[in-house]
Every structure is written in C-alpha cells, then in structure tokens.
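Here is the structure we will look at.
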There are 2 protein chains.
Amino acid sequence: MSFRSQLLKGILEGCILSIINKEMVYGYELSQKLQHFGLHDVSEGSIYPILLRLQKDGLIKGEMRASSTGPKRKYYELTNLGEKALLEIQEEWKNLQKPVDRLLNRSVDDER
Amino acid sequence: MSFRSQLLKGILEGCILSIINKEMVYGYELSQKLQHFGLHDVSEGSIYPILLRLQKDGLIKGEMRASSTGPKRKYYELTNLGEKALLEIQEEWKNLQKPVDRLLNRSVDDER
DNA sequence: TAAAGCTATCTTGTTTTGCAAGATAGCTTT
DNA sequence: AAAGCTATCTTGCAAAACAAGATAGCTTTA
C-alpha cells in the first residue's frame with residue numbers, strides 16, 4: 001500500500017497550456033520541458049491525450065512540420081480561446097494555492 | 001463549454017488530513033472549515049467518501065458522539081499511519097508547488 | 001401535534017483525469 | 001538489415017471528485 005496521493009491532478013493541463021503559450025512546442029519536447037521544470041513522472045500516456053483534447057476543445061491548434069533529424073513533429077500553439085483559458089487557470093491556481101498552503105504548511109500555532 | 005479545470009484534484013485528501021490533525025472534527029464541520037479556509041465548492045459528496053476511504057485505509061479513525069443540539073456526529077482523528085501519510089503529502093505539495101508556480105505565474109522574460 | 005427547517009451522514013451514478021502498456025512508424029547508426 | 005532513437009497515438013483501467021438524492025434525528029414554529 002502506498003500513500004502517494006495524486007497531487008498533479010487537474011493542473012497538468014494548465015502547465016501544458018503555459019508552456020505552449022511561451023513558444024510552439026511538440027509533444028515529445030513538452031515532456032522534456034515538464035521534466036526540466038521539475039514535473040517528473042509525467043508520461044506520454046498523459047501528455048498526448050491532453051494535447052488531443054485541448055485541440056478538440058479549440059484551445060490549441062497543431063501543425064505538422066518536418067524535422068531534419070527524425071520523424072515529423074506536431075507543433076502546437078494557443079488559440080485566442082486557449083489564451084483566455086490559461087488566464088482563468090492562472091487565476092484559479094492563485095486562489096487555490098493560498099488556502100492549501102495555509103492548510104498543509106502551517107505550524108502548530110497558526111490560526112485554527 | 002466551461003474552461004473550469006479541476007485544480008483541487010488530489011490535494012483535497014491532504015487538506016482533510018491536515019484539518020483532522022489539528023483537532024477531532026466531524027464531516028459536516030469539516031466542510032465548513034474547508035470553506036473558511038478558502039476552499040469553496042467542496043461538496044459533501046466529496047467529503048464523506050474521502051472520510052470513509054481514509055478510515056478504510058487506516059489513516060483516520062472515527063467515533064460516534066451524541067450532540068446536545070442535533071443528530072449524532074462522527075468525530076475523526078488521525079492514526080499513526082495517518083500522521084505519516086500527512087507528512088508525505090506535505091512534502092509532495094512543496095515539491096509540486098514550486099514548479100507549477102514557475103510555470104503558471106512566471107512573467108514573459110522568465111527562464112524558458 | 002404536525003409541518004418545516006436545520007443538522008448530519010451516506011450512497012449511487014457519472015465525468016474527468018491520468019497512467020501503464022503497447023502499437024506504429026520514420027530516421028540514423030552500426 | 002538490424003538496432004536504437006525520435007515521435008505520435010490508442011486502448012483499457014483506476015482514482016478522484018461531484019451532483020443528486022436518500023435517510024434520519026433534532027428543533028422551531030405554526
């Protein structure tokens with residue numbers, strides 16, 4: 001039995017939108033960037049389905065491009081809708097982070 | 001269509017353990033405390049199943065007590081196992097919060 | 001005393017999220 | 001031609017959370 005809770009749930013989508021917002025990226029690259037940012041253990045079985053869903057919902061759009069060193073890559077960029085969604089997620093994250101932090105990191109003599 | 005992502009997923013369990021760790025509480029009270037801490041929109045359809053699961057997993061234990069003003073209440077407290085689990089979740093939260101924050105709140109000229 | 005309202009717990013069914021595992025295929029190196 | 005890397009996508013599953021509602025005790029009000 002493991003106590004490992006699934007803390008990532010729900011925010012991965014926002015992190016992906018945020019990375020795509022900076023620059024066009026393709027899925028494989030995305031998984032490396034997430035890793036670089038400290039989000040380890042995010043498998044491609046998570047990333048690709050999210051990308052497809054975001055595309056289906058119109059938040060990102062993809063475009064195949066040839067690579068000089070391997071197979072074709074599908075580069076994604078945010079749509080206007082996606083930018084709006086990202087702003088909302090950033091706002092929600094701020095509102096969530098504070099209370100959770102108070103709850104999980106407070107010392108014994110904090111507010112009850 | 002709504003962009004509302006489910007940011008809470010995964011950390012609610014930790015927040016509940018954290019509150020119970022402070023003092024014995026019952027489910028109904030818990031939902032009010034979560035609200036007070038800024039975690040709105042957490043329904044009892046979320047809270048009670050989590051309490052039952054935590055109890056089944058041996059992280060908390062419950063005890064019925066009469067109330068002077070209403071129906072009986074089931075007060076919960078952490079077990080040793082539960083205290084250990086809470087420490088792990090607090091650690092995970094710290095490790096998760098930083099990268100997500102960098103991703104979601106960074107300004108345009110931050111690290112790429 | 002009967003009805004309404006509040007407190008309190010729990011269940012059922014559904015949706016969303018994420019992951020493990022693996023299928024597919026192009027390109028490069030050996 | 002075989003092996004290995006890059007790259008995308010699919011299938012099937014489990015966990016998490018919620019909406020909605022069932023149940024029931026207690027208190028207040030009419």
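Naming: A, B, ... by sequence-line order, numbering from 1 per chain. Reckoned from all heavy atoms, side chains included, excluding hydrogens, waters and symmetry mates.
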In what stems does DNA chain C take part, counting only runs of at least 3 consecutive Watson-Crick or G-U pairs whose two distances fall under 3.5 Å?
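Detected stem regions: C:1-30 with D:1-30.
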Scan residues 64-92 of chain B for pairs that pass ring pair (Phe, Tyr, Trp, His ring centres under 6.0 Å), counting only residues two or more places apart or in two chains.
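Applying ring pair (Phe, Tyr, Trp, His ring centres under 6.0 Å) to every pair that reaches into residues 64-92 of chain B, excluding sequence neighbours, yields B/Y26-B/Y75.
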DNA chain C: 5'-proximal contact among A/G45 and A/P71 (nearest heavy atom)
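Of the two residues, A/G45 wins.
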Output yes when a side-chain donor or acceptor of [X] lies under 3.5 Å from a complementary backbone atom of [Y], and no otherwise.
{"X": "A/R73", "Y": "A/S67", "answer": "no"}
{"X": "B/T79", "Y": "B/L59", "answer": "yes"}
{"X": "A/Q55", "Y": "A/I60", "answer": "no"}

Do the charged groups of B/R53 and B/E13 touch, with an N to O distance under 4.0 Å?
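Between B/E13 and B/R53 there is a salt bridge, with a charged N closer than 4.0 Å to a carboxylate O.
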For A/E77, which residues count as a side-chain hydrogen bond (donor to acceptor under 3.5 Å, both in side chains) partner, sequence neighbours excluded?
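A/E77: no side-chain hydrogen bond (donor to acceptor under 3.5 Å, both in side chains) contacts found.
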Separation of atom [atom1] in [X] from atom [atom2] in [N], rounded to whole Å:
{"X": "A/Y75", "N": "D/dT6", "atom1": "OH", "atom2": "P", "answer": "14 Å"}
{"X": "A/L52", "N": "D/dT8", "atom1": "CG", "atom2": "P", "answer": "11 Å"}
{"X": "A/L51", "N": "C/dG18", "atom1": "CG", "atom2": "P", "answer": "12 Å"}
{"X": "A/I47", "N": "C/dA21", "atom1": "CD1", "atom2": "P", "answer": "17 Å"}
{"X": "B/Y48", "N": "D/dA22", "atom1": "OH", "atom2": "C1'", "answer": "14 Å"}
{"X": "B/Q55", "N": "C/dT9", "atom1": "CD", "atom2": "P", "answer": "12 Å"}
{"X": "B/I16", "N": "D/dA16", "atom1": "CD1", "atom2": "P", "answer": "12 Å"}
{"X": "A/L34", "N": "C/dG18", "atom1": "CG", "atom2": "C1'", "answer": "13 Å"}

Closest-nucleotide ordering on DNA chain D, the 5'-leading residue of B/E44 and A/Y28
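In this pair, the answer is A/Y28.
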Establish, with yes or no, whether the OP1 or OP2 oxygen of [N] is under 4.0 angstrom from a side-chain nitrogen or oxygen of [X].
{"X": "B/K74", "N": "C/dC10", "answer": "yes"}
{"X": "B/R53", "N": "D/dA15", "answer": "no"}
{"X": "A/Y26", "N": "D/dA7", "answer": "yes"}

Counting heavy atoms from C-beta on, name the nucleotide in C/dT9, C/dG18, D/dA7 closest to the side chain of A/S67.
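Per side-chain heavy atoms of A/S67, the pick is D/dA7.
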Output the single nucleotide from C/dT11, D/dT8, D/dT10 whose closest atom is nearest the side chain of A/R73.
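Nearest nucleotide to the side chain: D/dT8.
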Give one of base, sugar-phosphate or nothing for A/S31, where a contact means two heavy atoms less than 4.0 Å apart.
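Contact class for A/S31: none.
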With sugar-phosphate meaning primed atoms plus P, OP1 and OP2, does B/E29 contact a base, only sugar-phosphate, or nothing at under 4.0 Å between heavy atoms?
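Nothing, no heavy atom under 4.0 Å.
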Joint hydrophobic cluster, B/L52 plus B/I20, side-chain heavy atoms closer than 4.5 Å:
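In one cluster with B/L52: B/I20, yes.
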